[in-house]
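Worksheet: the structure to be examined is printed underneath.
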Amino acid sequence: KRLLYIFVLCLFAFSANSQNRREWLDFGNQAFEKKNYMMALTCYKQVLNLVPGNDRDAMMPYEYKTWTPPKKKSDTTAVKADTLKKPAAVTDPREQFVTHRIAECYRYLHDYDNAEVWYAKAIQMPLPEFPDARYYYGQMLMYGAKYTAAQTEFETFSNNTNPANP
């Protein structure tokens, strides 16, 4: 009887860590809609912490996905020096979305220092769903007493905003 309890406890412990990125993203979105920003923040960070391309990321039970061969590795001996200086651009739309949502969660939680860090990342990967990210980044800079940088961000935001769509 005691062994059965231990087995069930272990089963729940292992299943708690087996969520994939899509499930964490769904949990985060549900928490965000319910205005539970701390829970949403935890779920969104879990999405970023999971390694992309992991088998848990690829499929849900009873779901199929076609096999694609791995990309061929290129010869890295002839890499130009200027390509090494640039950081790789984030192309994963989930990562872009989650970065914006994490910034919003911190803003709603009034943690302006962390919101500033995440909005700085978010404006590097703009999304049409978040047109005011630069404005909020300027606000976070202003709350952090970085007034000249905030003014620059506000001016950039106002210059890029469509006057017909306020």
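Reckoned from all heavy atoms, side chains included, excluding hydrogens, waters and symmetry mates. Only a predicted model underlies this, so the values are computations on that prediction, with no experimental measurement involved.
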Glu153 vs Ile123 side-chain heavy atoms within contact, under 4.5 Å: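 They are in side-chain contact.
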Student check: side-chain heavy atoms of Val98 and Ile102 closer than 4.5 Å: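 Side-chain contact under 4.5 Å: yes.
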Plane angle bin for Tyr112 and Tyr143 - parallel if under 30°, tilted between 30 and 60°, otherwise perpendicular: tilted
Ring geometry between Phe32 and Tyr37 (parallel below 30°, tilted from 30 to 60°, perpendicular above 60°):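 The rings of Tyr37 and Phe32 stand perpendicular, inter-plane angle above 60°.
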Hey, could you give me the [atom1]/[atom2] distance between [X] and [Y], rounded to the nearest 0.5 Å?
{"X": "Lys45", "Y": "Asn49", "atom1": "NZ", "atom2": "CG", "answer": "8.5 Å"}
{"X": "Glu116", "Y": "Asp111", "atom1": "CD", "atom2": "CG", "answer": "11.0 Å"}
{"X": "His100", "Y": "Asp132", "atom1": "NE2", "atom2": "CG", "answer": "11.5 Å"}
{"X": "Asn114", "Y": "Leu109", "atom1": "CG", "atom2": "CG", "answer": "10.0 Å"}
{"X": "Arg134", "Y": "Asn159", "atom1": "CZ", "atom2": "CG", "answer": "10.5 Å"}
{"X": "Glu104", "Y": "Leu41", "atom1": "CD", "atom2": "CG", "answer": "12.0 Å"}

If Ile, Leu, Val, Met, Phe, Trp and Tyr residues are connected whenever their side-chain heavy atoms lie under 4.5 Å apart, and connections chain through other members, are [X] and [Y] in the same group?
{"X": "Leu141", "Y": "Phe130", "answer": "no"}
{"X": "Met125", "Y": "Tyr136", "answer": "no"}
{"X": "Leu127", "Y": "Tyr137", "answer": "no"}
{"X": "Tyr108", "Y": "Phe97", "answer": "yes"}

Going by the rule side chain to side chain contact (heavy atoms under 4.5 Å, CB included), which residues pair with [X] if we only count those two or more places apart in sequence or in a different chain?
{"X": "Thr152", "value": "Thr156"}
{"X": "Cys43", "value": "Trp24, Phe27, Met39"}
{"X": "Ala115", "value": "Tyr106, Arg107, Tyr119, Met140"}

Over all atoms of both residues, closest heavy-atom pair of Ala40 and Gly28: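 Scanning both residues, the minimum pair turns out to be CB-O, 3.5 Å.
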Smallest separation among heavy atoms of Gln139 and Phe154, with atom names: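 In terms of heavy atoms, the two residues are closest at N-CZ, 3.5 Å.
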